[in-house]
2 protein chains.
Amino acid sequence: MQSKPTTIKEIARILNISPSSVSRGLHDHPSIGAVTREKIKQLAKSLNYEPNKAAILFQKGKTYTIGVILPELSEHFFSIAISAIEDEAIKKNYTVIFAQSHDRYELEVKLVEKMKNQRVDGLLVSISKDTSNFDHFEKLNSFNIPIVFFDRIPPFKNVHYVACSLETATVKAVNYLLRKGHRSIGMINGPNTLYASAERKDGYKQAITFNRLKFDPSLIVNCDLTEQGTIDAVEKFLNHKRKPTAIVAFNDYVALFLIKYLKKLNVVHNFDIVSYANLPIISYLDHSPIASVEQYPYLQGQKAINILLDLIHSPNVKHQAYYNTIVDADLIINDVSA
Amino acid sequence: MQSKPTTIKEIARILNISPSSVSRGLHDHPSIGAVTREKIKQLAKSLNYEPNKAAILFQKGKTYTIGVILPELSEHFFSIAISAIEDEAIKKNYTVIFAQSHDRYELEVKLVEKMKNQRVDGLLVSISKDTSNFDHFEKLNSFNIPIVFFDRIPPFKNVHYVACSLETATVKAVNYLLRKGHRSIGMINGPNTLYASAERKDGYKQAITFNRLKFDPSLIVNCDLTEQGTIDAVEKFLNHKRKPTAIVAFNDYVALFLIKYLKKLNVVHNFDIVSYANLPIISYLDHSPIASVEQYPYLQGQKAINILLDLIHSPNVKHQAYYNTIVDADLIINDVSA
DNA sequence: CAAAATTAATCAAACGTTTGCGTTGTTTTC
DNA sequence: GAAAACAACGCAAACGTTTGATTAATTTTG
């Protein structure tokens, strides 16, 4: 025996009124009398009425669904960010669908297309690390689907985004190392396609020059964020004429690769390491980074979806202004000896 | 300018045929001639026609959506499992919505209700660790919404589920420790509400008695899987008259807590540790578990959703038989000295 | 060659909800 | 006391797609 869910029609039939009145009654429309309204609501409750979402979606042409595209769910940052997105969405009665680009541009393009076909009301995106072309996002404009980028954002301002000021954070990080006496600081940076890479570089430069030191570009090396890429980067430092005594790693995963390799070479104690992400797991390492930049994924996710919902609900005016939201990043000190 | 998406009606109007013919043409219905069919398909393609999913859902009374409820997305196991679910869903043109119970029973109940109201076609569930009442799942039966449990499953057989044989895995783990010469092996088990706890216990007992050793129940202690709970558990071992030389931890997170605490007490080298989950991060620890049980989350997720899709597509017969799928778990040896 | 079968398409209803407009009565206003 | 205002509800269309029933034209069959 499968029970058919209750419909508005059935309530109308039982109460001998029209379906439209039931609909209006349930929505507190002023043209329905208080008595009728209460009768409707009571019966609806007792019959366990739940609006058929599919019918509403169809009728309104909205899906109350927002899409999320991010590189890797198993990265701690994103798993937390999406938790925030989900929490907020549930509150506002939106449904979230998500997909992973696995950091591949072509997959990202396909997913954006998929999301469009799913008729999402809006999109939250953290771009893949080899995305340098953004046409697939621009297409959505003509369909009036707003996009908010978060964390991994495109390198221009005329989009909505939420991100950390990694530049400021990097200044803090480098300053911290300088205060600890380091004079040659290496940086393992990400690919140049990432805006975050530029920010880290700028922050590094800024801190160095502000402290009246000479900026040496060869102390910043790019890396594809894989384990092998990290090893290649480290090698450059080890062979450097001004061998660094401290290293700023692109994120905690890179830091892990880095530490593993340095341990293998038995030189891990020659380096102070600072990283980004502040993974909880990091504190369990023996030789962990002495500091890590916390990027507040939950907060970022929260802000991003709230901006998106705002865009969805705002009238169809072309936004001249873009939301460019910066979340403060903090340097978390793990160094017990500090 | 916002383009309205192309509809069947419009294609029909342009081609001077009826909407129903267009629909049938697109679905290769035999009653549409080959010429007309091709004309329809070509025009549809050139107009970038995409079926309005909302309309189809509404019409068919199906949502092509499956719900996933799991305890914590930031747990590596689940983030991998849901990746598998998502991958399979995309292939079959299903949409996945998910929610986290954060290991709380009341939240889980609400989420199940939410999913029901969203009219999901089916549900994939990994139950929270303090769920001992299963009425909220039984309600879904009358709505004909199939459920497949995975990993964290209820303690009875008359449901569909996919899980590891943790019993077998535990036998392997304990045998491994016994072969390494350990004669007093502690186990930090989970709450008794979890079926997985019973399995671990049984496996432990089985390995011990099979090796003609005496089973000492006080060497198995329950734990709520928090850091403090783990510390409390360890304390019992440290004060035990037959102080264990090896410990089987409930999972890698517990192992982390455990190792951290033992390090603090400077006794970490007195113990061999075996754990479950095989977190990638574990290998970066200095003193990591010498072995870990791999539960193949991707495979479990894959099997679970395929079973669910099977149930969804199968005719409305009451299944007398239940899918009780066991995925083999393997003991992965990390011990370099082994 | 009439009857039956086949082919190719159309018609109309249906899914559940929302909403602009119209229709009743009843009450207020000057 | 007639006109205007209002309160409370019903009617019907609309959203896009699918599908059972129907029709019309063509072909096959005995």
Side-chain angles (χ1 to χ4, degrees), chain A residues 2-41 43-44 47-65 93 116-121 143-144, chain B residues 2-41 43-44 47-65 93 116-121 143-144:
Chain A
Q2 72 215 41
S3 357
K4 290 267 168 240
T6 316
T7 71
I8 274 192
K9 287 187 179 179
E10 202 174 323
I11 297 180
R13 200 178 43 75
I14 298 178
L15 254 40
N16 248 319
I17 56 181
S18 78
S20 48
S21 295
V22 176
S23 172
R24 290 190 165 100
L26 291 171
H27 289 88
D28 294 318
H29 192 281
S31 83
I32 299 296
V35 203
T36 321
R37 195 202 321 130
E38 286 316 310
K39 270 201 290 187
I40 292 171
K41 288 194 174 179
L43 185 59
L47 289 182
N48 248 317
Y49 168 75
E50 291 289 346
N52 182 330
K53 228 182 174 183
I56 298 178
L57 305 187
F58 170 53
Q59 210 280 138
K60 295 206 165 186
K62 282 188 57 179
T63 57
Y64 292 93
T65 298
N93 260 303
K116 193 204 75 190
N117 297 345
Q118 297 259 12
R119 309 278 205 279
V120 294
D121 289 344
F143 287 89
N144 227 29
Chain B
Q2 72 215 39
S3 359
K4 290 268 168 239
T6 315
T7 71
I8 274 192
K9 287 186 179 178
E10 202 175 323
I11 297 180
R13 200 177 42 76
I14 297 177
L15 254 41
N16 248 319
I17 56 180
S18 77
S20 47
S21 295
V22 176
S23 172
R24 289 191 164 101
L26 291 171
H27 290 88
D28 294 318
H29 192 281
S31 85
I32 298 296
V35 204
T36 321
R37 194 201 322 129
E38 286 316 310
K39 270 202 290 187
I40 292 171
K41 288 195 176 179
L43 185 59
L47 289 182
N48 249 316
Y49 168 75
E50 291 289 344
N52 182 331
K53 227 182 176 182
I56 299 178
L57 306 187
F58 169 53
Q59 210 280 139
K60 295 205 163 184
K62 280 188 59 179
T63 58
Y64 292 94
T65 298
N93 260 302
K116 195 204 74 191
N117 296 345
Q118 297 258 13
R119 309 277 205 281
V120 294
D121 289 344
F143 287 90
N144 226 29

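Computed from a prediction, not measured in an experiment: that's the story for all the values here. When reading the values below, keep in mind they use all heavy atoms of this one structure, side chains included, and skip hydrogens, waters and symmetry mates. Just so we're on the same page: letters track the sequence lines, and every chain starts at 1.
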(request) Check B:Ile8 against B:Pro19 and note the closest heavy-atom contact, atom names and distance. (result) CG2-O, 3.5 Å

(request) Give the minimum heavy-atom separation between B:Leu47 and B:Ile14, together with the two atoms involved. (result) CD1-CD1, 3.9 Å

Are any protein N/O atoms closer than 3.5 Å to N/O atoms in nucleotides 9-12 of chain D? If there are, list each pair with its distance.
{"from": "D:dC9", "atom 1": "OP1", "to": "A:Thr36", "atom 2": "OG1", "distance (Å)": "2.5"}
{"from": "D:dC9", "atom 1": "OP2", "to": "A:Gly33", "atom 2": "N", "distance (Å)": "2.6"}
{"from": "D:dC9", "atom 1": "OP2", "to": "A:Thr36", "atom 2": "OG1", "distance (Å)": "3.0"}
{"from": "D:dG10", "atom 1": "OP1", "to": "A:Ser18", "atom 2": "N", "distance (Å)": "3.3"}
{"from": "D:dG10", "atom 1": "OP2", "to": "A:Ser18", "atom 2": "N", "distance (Å)": "2.9"}
{"from": "D:dG10", "atom 1": "OP2", "to": "A:Ser18", "atom 2": "OG", "distance (Å)": "3.0"}
{"from": "D:dG10", "atom 1": "OP2", "to": "A:Ser21", "atom 2": "OG", "distance (Å)": "2.4"}
{"from": "D:dG10", "atom 1": "O6", "to": "A:Arg24", "atom 2": "NH1", "distance (Å)": "3.1"}
{"from": "D:dC11", "atom 1": "N4", "to": "A:Ser20", "atom 2": "OG", "distance (Å)": "3.0"}

(message) Show the nearest heavy-atom pair for residues B:Glu50 and A:Arg119, with the distance to one decimal.
(response) O-NH2, 3.2 Å

(request) Mind checking the OG1-CG spacing from A:Thr65 to A:Leu57? Nearest 0.5 Å is all I need. (result) 6.5 Å

(message) Please determine whether the number of non-hydrogen atoms from other residues, nucleotides or ligands lying under 6.0 Å from atom NZ of B:Lys116 exceeds 12.
(response) yes

(message) With a 4.5 Å cut-off on side-chain heavy atoms, are B:Ser31 and B:Arg24 touching?
(response) yes

(request) Nearest 0.5 Å please: distance from the NZ atom of A:Lys60 over to the CG atom of A:Asp121. (result) 11.5 Å

(request) Measure the spacing between OG of B:Ser20 and CD1 of B:Ile32 and express it to the nearest 0.5 Å. (result) 7.5 Å

(request) Walking along DNA chain C from 5' to 3', note the first and the last nucleotide with an atom under 4.0 Å from a heavy atom of chain A, and give both. (result) C:dC15 to C:dC21

(message) Using a 4.0 Å cut-off on heavy atoms, which residues in residues 50-65 of chain A reach DNA chain D? List them by number, or say none.
(response) A:Phe58, A:Gln59

(message) Tell me the closest heavy-atom pair linking A:Val22 and A:Ile11, and the distance in Å.
(response) CG1-CG2, 3.9 Å

(request) Determine, for nucleotides 23-29 of chain D in 5'-to-3' order, which nucleotides have protein heavy atoms under 4.0 Å from the base (write B), from only the sugar-phosphate (write S), or from neither (write -). (result) -------

(message) What I'd like to find out is whether the side chain of B:Ile17 reaches to under 4.5 Å of the side chain of B:Ile40, using heavy atoms alone.
(response) yes

(request) List the atom of B:Ala12, the atom of B:Ser18, and the distance in Å for their closest heavy-atom pair. (result) CB-C, 3.7 Å

(message) Which residues pass the salt bridge (Lys or Arg N to Asp or Glu O under 4.0 Å) test with B:Lys62, not counting sequence neighbours?
(response) none

(message) Taking the side chain as everything from C-beta on, heavy atoms only, tell me whether A:Lys41 gets closer than 4.5 Å to A:Asp28.
(response) yes

(request) Flag the pair A:Leu43 / A:Tyr49 as yes when at least one side-chain heavy-atom distance between them is below 4.5 Å, and no otherwise. (result) no

(message) So if I take residues 6-13 of chain B and measure heavy-atom distances to DNA chain C, which residues fall below 4.0 Å?
(response) none

(request) Find out whether A:Glu10 and A:Thr7 are in side-chain contact, i.e. whether some heavy atom of one side chain is under 4.5 Å from a heavy atom of the other. (result) yes

